[in-house]
Amino acid sequence: MTAIRVAVAGAAGRMGQAVVAAVEGADDMRLTVQADPALGTVLADVLGDADVVVDFTRPDTALANARECLDAGVHVVIGTSGFDAVALREAADQADANIFVAPNFAISAVLMMRFAVEASRHMAKAEIVELHHDGKLDAPSGTAAHTAELMQGDVPIHSVRLPGLVAHQEVILGDVGQSLTIRQDSYARESFMPGVLLAVRRVSALETSPVIGLEHLLF
Ligand SMILES: NC(=O)c1ccc[n+]([C@@H]2O[C@H](COP(=O)([O-])OP(=O)(O)OC[C@H]3O[C@@H](n4cnc5c(N)ncnc54)[C@H](O)[C@@H]3O)[C@@H](O)[C@H]2O)c1
């Protein structure tokens with residue numbers, strides 16, 4: 001079996017470091033490049049040596065990185081949130097390589113979204129409170145925006161940014177004399193890694209592109 005050659009964009013960041021460790025620990029993958037301005041390595045210089053790029057960078061760089069990957073015929077798995085999804089769809093339409101995007105790679109978050117969608121069909125109103133570490137650049141989170149998009153009705157989102165937090169979300173639903181709270185917590189960045197590795201294994205064989213949401217690979 002030929003190992004999948006994986007480059008990591010944003011390799012020096014919080015998520016990037018976890019992805020580097022996960023790829024190094026996967027028998028069917030080979031880490032080829034760690035691209036990050038903080039490491040003095042630029043993505044464009046290293047694309048020749050990769051089958052798949054995993055991007056955990058910044059909202060203002062993820063789209064340009066994805067375009068560079070597609071131009072080089074390299075598949076891309078994007079975890080970065082807060083960028084223009086419409087422009088991403090346009091870029092994907094004209095490309096041979098595939099894009100997979102997940103606002104959240106944790107299985108518990110995918111389940112939380114699924115249960116929230118189901119609950120929204122039966123309860124009168126809902127609101128989302130998403131809570132993240134204070135280094136997060138975008139608000140609302142990609143997970144909260146994706147959850148609200150999938151749920152029925154107009155779902156307001158409240159964002160909390162505090163030190164000590166990682167990634168957490170509550171979907172609170174209310175109806176006459178009752179409420180339902182669905183809560184998901186990622187306490188460590190390792191929670192996202194099985195989902196990231198699954199996407200790396202599957203991105204080259206996607207039948208459409210972009211695919212948005214880990215639920216499309218799981219269910
Ligand atoms: N999808 C998910 O499951 C999930 C989970 C957690 C975080 N995120 C998202 O992942 C992104 C990264 O989060 P983080 O906490 O690791 O951020 P971070 O700030 O710790 O890391 C970002 C890294 O990207 C690097 N970078 C900036 N521009 C770059 C470029 N052009 N090419 C390559 N690298 C570049 C930075 O130097 C930095 O090291 C955020 O958008 C966050 O919301 C997604």
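Owing to the predicted nature of the structure, the values given are computational and were not obtained by experimental measurement. Basis for what follows: all heavy atoms, side chains included, without hydrogens, waters or symmetry-related copies. Atoms within each ligand, like the ligands themselves, are counted from 1 in listed order.
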Judged on heavy-atom distance to [atom], which of [options] sits nearest?
atom: atom 31 (N) of ligand 1; options: T41, L137, T61; answer: T61
atom: atom 9 (C) of ligand 1; options: S141, G79, G82, G195; answer: G79
atom: atom 21 (O) of ligand 1; options: A38, S191, G13; answer: G13

[atom] [closest protein heavy-atom partner, distance rounded to 0.1 Å]:
atom: atom 32 (N) of ligand 1; answer: N65 ND2, 3.5 Å
atom: atom 42 (C) of ligand 1; answer: S81 OG, 3.8 Å
atom: atom 11 (C) of ligand 1; answer: T57 O, 3.5 Å
atom: atom 1 (N) of ligand 1; answer: A102 O, 2.9 Å
atom: atom 10 (O) of ligand 1; answer: F56 CD2, 3.3 Å
atom: atom 18 (P) of ligand 1; answer: R14 NH2, 3.6 Å
atom: atom 39 (O) of ligand 1; answer: D36 OD2, 2.7 Å
atom: atom 35 (C) of ligand 1; answer: P37 CD, 3.3 Å

Hey, does [X] come in under 3.5 Å of ligand 1, counting only N/O atoms on both sides?
X: R58; result: no
X: A9; result: no
X: M15; result: yes
X: P103; result: yes
X: P59; result: no

Notebook entry, point to check: Does the ring of F100 carry R202 above it, NZ/CZ under 6.0 angstrom from centre and within 45° of its axis?
Noted result: no
Checklist line | Electrostatic pair D51:R5 at N-O distance under 4.0 angstrom | finding: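 Judged by the 4.0 Å cut-off on N to carboxylate O distance, D51 and R5 do form a salt bridge.
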Is there side-chain contact between [X] and [Y], with heavy atoms separated by less than 4.5 Å?
X: L165; Y: H132; result: no
X: V171; Y: M151; result: yes
X: N65; Y: F83; result: no
X: L173; Y: I182; result: yes

Next item on the list: May I ask you to check whether E170 and T181 show a side-chain donor-acceptor distance below 3.5 Å?
Entry: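 No pair is found: no donor N or O on one side chain lies under 3.5 Å from an acceptor on the other.
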Checklist line | Polar contact flag, side-chain donor to acceptor under 3.5 angstrom, Q169-T147 | finding: yes
Check: Which of the atoms in ligand 1, numbered in the order shown and given with their element, are less than 4.0 Å from a heavy-atom of A35?
Finding: 33 (C), 34 (N)
Notebook entry, point to check: Any donor and acceptor pair, going by atom type alone, linking the side chain of Q17 with main-chain N or O of A12 inside 3.5 Å?
Noted result: yes
Notebook entry, point to check: Does anything in residues 90-110 pair up under salt bridge (Lys or Arg N to Asp or Glu O under 4.0 Å), and if so which pairs, sequence neighbours excluded?
Noted result: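 Sorted result for residues 90-110: empty, none.
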Item checked: Non-neighbouring partners of S209 that pass side chain to side chain donor-acceptor pair (under 3.5 Å), sequence neighbours left out ->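 For S209, no residue satisfies side chain to side chain donor-acceptor pair (under 3.5 Å) once neighbours in sequence are set aside.
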